[in-house]
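Written out below as structure tokens is the structure these notes cover.
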Amino acid sequence: MPRQYPIEKIRNIGIIAHIDAGKTTVSERVLFYTGVSHKIGEVHTGDTVMDWMEQERERGITITSAATTAFWIPTYHNHDKKFEHRINLIDTPGHIDFTVEVKRSLRVLDGAVVVFDGVAGVEPQSETNWRYADEFHVPRICFINKLDRMGASFQKSFQSILDRLTPNAIPAQLPIGSEADFKGVVDLLVHKAYGFEGEHGENIVEIPIPDGMKAEVEKARHAFIEKIAETDDALMTAYLDGKELTIDELRKALRAAVIANKIVPVFTGSALKNKGVQFVLDAVIEYLPAPTDLPPVKGTDPKTGAEMERHASDSEPFTGLAFKIATDPFVGNLAFFRNYAGVVKKGTYIYNSTKGQQERIGRIVLMHANQREDVEEIYAGEIAAIVGLKNTTTADTICDPNAPIVLESTTFPEPVIGVRIEPKTKADQEKMGIALHRLADEDPTFKVAGDPETGETIISGMGELHLEVLVDRMKREFNVEANIGRPQVAYKETIAGEAEAEGKYIKQSGGRGQYGHVWIRVKPLERGAGFVFVNEIKGGIIPQEFIGPTEKGVKEALDKGILAGYPVVDVEATLYDGSFHEVDSSEAAFKIAGSLAFQEAAKRAKPVILEPIMKVQVIVPENFMGEVTGNVNSKRGRIESIGDRPGLKVIDAKIPLSEMFGYATELRSMSQGRGSFTMEFDHYEPAPQNVAQLIIEGKKR
């Protein structure tokens with residue numbers, strides 16, 4: 001089947017935002033206006049297309065990122081088919097526990113629409129998502145939503161974007177009225193005002209710019225044009241010479257500036273009241289990049305390690321990245337992938353260069369939330385899913401077997417909270433293992449481990465909600481009933497000083513003995529640096545073949561900490577001396593010697609316990625503020641700032657995770673049920689001595 005849409009007319013975009021800013025509501029309007037769905041689904045009535053999981057509809061939040069395809073002709077081309085574009089859209093979750101979904105989606109998307117609540121402006125998760133978009137250099141446009149709500153303010157929300165996210169933001173529209181009087185928008189580029197009529201706001205009508213706004217519009221338009229002109233030398237010269245710049249010139253320059261991340265245009269409206277979403281779609285087509293507008297994707301040759309690149313073209317060898325694995329009850333394993341180059345057909349073989357294995361493609365499907373559409377082939381620049389890949393997991397590169405390449409992988413945050421889990425009945429035991437394995441394949445931030453001392457299974461994730469949803473999915477999708485223990489904090493250990501120690505493993509008995517002898521020096525690294533092994537052996541005092549096993553022994557010792565058995569992180573271990581025996585030395589002996597030396601050195605190097613610190617934002621009515629701040633202080637919290645919203649106080653604080661269990665109930669009782677909070681992992685830091693002592697005793701008991 002030939003390509004229906006040229007690659008220049010494809011847009012791969014994500015909708016990202018803090019929880020409750022209205023992403024799914026925006027997505028539902030997009031599907032309605034583009035003709036994908038004929039009825040608008042609403043989050044509050046539980047009938048949205050994009051939130052299709054039962055858990056999402058019950059909780060009214062997005063848990064998994066849903067992909068779909070829509071088609072759009074910009075409104076000012078007025079239904080001329082030759083201007084139709086294809087939009088591959090991913091609606092991502094806003095809750096911090098499912099942040100992995102945002103990160104892995106942004107890894108493969110070309111552009112993003114960032115949605116903000118017109119009352120709250122920038123919220124904590126908006127910042128995290130913005131950081132991810134910066135990390136992957138994703139061009140974006142902003143949409144300030146919910147302008148019809150009490151207390152909504154375009155100006156305040158826009159100011160919070162400037163202050164907390166980027167100085168490159170600039171309004172492309174101004175709202176006409178706000179709260180209950182929100183009527184429409186003024187487009188600053190074309191200098192016209194528009195209202196939205198019809199049952200679902202589908203009819204866009206030009207209206208006069210209100211007299212009271214004319215001066216404000218002039219000023220804002222002047223700033224907008226100046227900002228665009230600044231990014232293009234030829235336009236700047238013409239602008240300074242007093243020439244009138246045409247709309248087409250400005251559009252072209254704005255597009256280049258958005259793709260280069262020099263400008264972030266800000267649009268506005270109310271998705272729930274069906275105002276403004278069509279202009280966001282226009283902006284997606286007009287300003288966000290097609291796959292060909294971006295630099296070629298870079299990777300390495302798996303054999304030589306040399307850098308390679310692939311251009312977004314059908315004629316290049318097939319190169320794709322599996323960014324998400326999902327279990328579908330009807331077809332089994334689905335591997336969502338982004339095709340960066342080349343064409344891939346069903347029934348052919350592909351090569352997983354990350355794992356070094358060949359796989360056969362059973363079926364290729366385009367996803368429309370949880371509906372599937374079979375296709376024969378997928379072209380460069382498209383997003384689809386493959387059915388039947390056995391060994392491919394998140395962040396694996398899949399490519400043409402004759403032209404292997406490995407694309408850069410994605411790093412995911414480590415889990416911060418764990419619970420013990422056990423099957424309810426003997427029959428559940430085997431099924432539980434399979435279910436946990438499947439869920440861990442899907443989600444890189446969900447880990448399953450056994451406790452060697454008690455033989456229990458421990459599952460860890462990004463938060464209580466994350467684990468709760470996974471256990472619920474186990475019950476519904478895999479029919480496994482399980483008992484859950486109390487949540488536990490994922491503590492870590494590290495060292496605060498430097499030390500060295502000797503590790504000797506010598507056994508002489510009849511026949512061949514064992515001999516391993518090493519000296520190891522340890523020193524702390526900065527937070528998040530992980531583990532580094534340095535080999536300083538000179539002149540062959542330890543033969544090369546025993547260096548690897550020594551490192552392995554040190555790594556094994558890292559898993560079982562010195563103080564309370566938690567994993568040791570952010571440490572450098574240097575092997576600098578030792579000796580060997582011509583006959584008795586073996587890999588096993590050096591592995592044990594390495595482990596002993598590291599444990600001894602770490603004991604002498606002032607070991608400390610690290611605890612996860614969370615970034616917490618609490619929103620409460622003013623009259624409860626005293627009690628809530630007092631409570632934060634009692635939880636060893638540090639209040640970083642206190643802000644205002646109409647009638648509310650916003651408290652930003654850093655609080656240890658161990659103090660936050662059951663906080664939702666506490667906050668409800670302190671604020672008569674009117675307070676709310678959000679929490680996300682921020683960093684690890686050493687626990688105070690008295691707390692560390694309790695952690696050690698708790699673990700040792």
Side-chain angles (χ1 to χ4, degrees), residues 449-455 458 490-527 529-610 684 686-687 692-693 695-701:
D451 185 325
E453 284 169 19
T454 59
I458 296 167
Y491 293 109
K492 302 242 194 284
E493 298 185 18
T494 190
I495 53 174
E498 296 188 23
E500 49 191 50
E502 180 181 29
K504 249 185 184 171
Y505 182 68
I506 301 173
K507 264 195 165 168
Q508 291 303 132
S509 56
R512 188 176 163 183
Q514 295 283 355
Y515 186 99
H517 173 220
V518 296
W519 276 90
I520 280 175
R521 183 167 54 239
V522 294
K523 70 173 193 184
L525 296 174
E526 67 213 40
R527 278 305 137 267
F531 167 66
V532 177
F533 182 81
V534 182
N535 172 19
E536 279 185 3
I537 294 296
K538 303 271 189 311
I541 41 176
I542 296 176
Q544 197 56 42
E545 67 261 30
F546 298 137
I547 306 287
T550 307
E551 182 179 354
K552 219 170 179 183
V554 173
K555 278 188 176 156
E556 280 183 13
L558 288 176
D559 293 340
K560 206 91 187 85
I562 318 103
L563 290 171
Y566 292 107
V568 181
V569 293
D570 307 334
V571 174
E572 180 179 285
T574 305
L575 171 63
Y576 68 93
D577 200 359
S579 63
F580 75 104
H581 188 282
E582 288 288 352
V583 180
D584 290 351
S585 279
S586 68
E587 292 190 359
F590 271 94
K591 188 169 151 188
I592 295 168
S595 181
L596 293 171
F598 177 79
Q599 283 171 336
E600 190 50 47
K603 272 183 202 147
R604 298 175 187 172
K606 303 189 197 122
V608 290
I609 297 244
L610 295 174
Y684 272 93
Q693 206 45 50
I695 296 167
I696 294 166
E697 283 166 16
K699 188 78 178 170
K700 294 224 165 122
R701 258 209 319 276

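The residues of the chain are indexed from 1 along the displayed sequence.
Across all non-hydrogen atoms, the minimal contact from A605 to I495 is O-CB, 3.3 Å. Looking at every heavy atom in both residues, F580 comes nearest to I541 through CD2-O, 3.2 Å. In this structure, V608 and A496 approach most closely via the heavy-atom pair CG1-CB, 4.4 Å. Closest of all the heavy-atom pairs between A573 and I520 is CB-CG2, 4.3 Å. Residues E587 and P549 come closest through the heavy atom pair O-CB, 3.5 Å. Of all heavy-atom pairs spanning A597 and V518, the tightest one is CB-CG2, 3.9 Å.
Between F598 and F531, the two ring planes are perpendicular [angle over 60°; tilted spans 30° to 60°]. The aromatic rings of Y576 and W519 sit tilted relative to each other, their planes meeting at an angle between 30° and 60°.
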task = Would you please test L575 and I542 for side-chain contact (heavy atoms from CB on, under 4.5 Å) and show each step?
result = CA-CA 10 Å; L575 171 63; I542 296 176; 4.2 Å; yes
request  = Would you sort out whether E600 and R604 count as a salt bridge (Lys or Arg N to Asp or Glu O under 4.0 Å), showing the intermediate values?
outcome  = CA-CA 7 Å; E600 190 50 47; R604 298 175 187 172; 3.3 Å; yes
inquiry  = I'd like to know whether I547 forms a side-chain contact (heavy atoms from CB on, under 4.5 Å) with F533, so could you lay out the CA-CA distance, the side-chain angles of the two residues, the decisive distance to 0.1 Å, and finally the verdict.
reply    = CA-CA 10 Å; I547 306 287; F533 182 81; 4.2 Å; yes
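Put simply, the side chain of V569 does not reach to within 4.5 Å of the side chain of Y684, judged on heavy atoms.
R521 pairs in a salt bridge (Lys or Arg N to Asp or Glu O under 4.0 Å) with only one of the listed residues (E536, E572, E498), which is E536.
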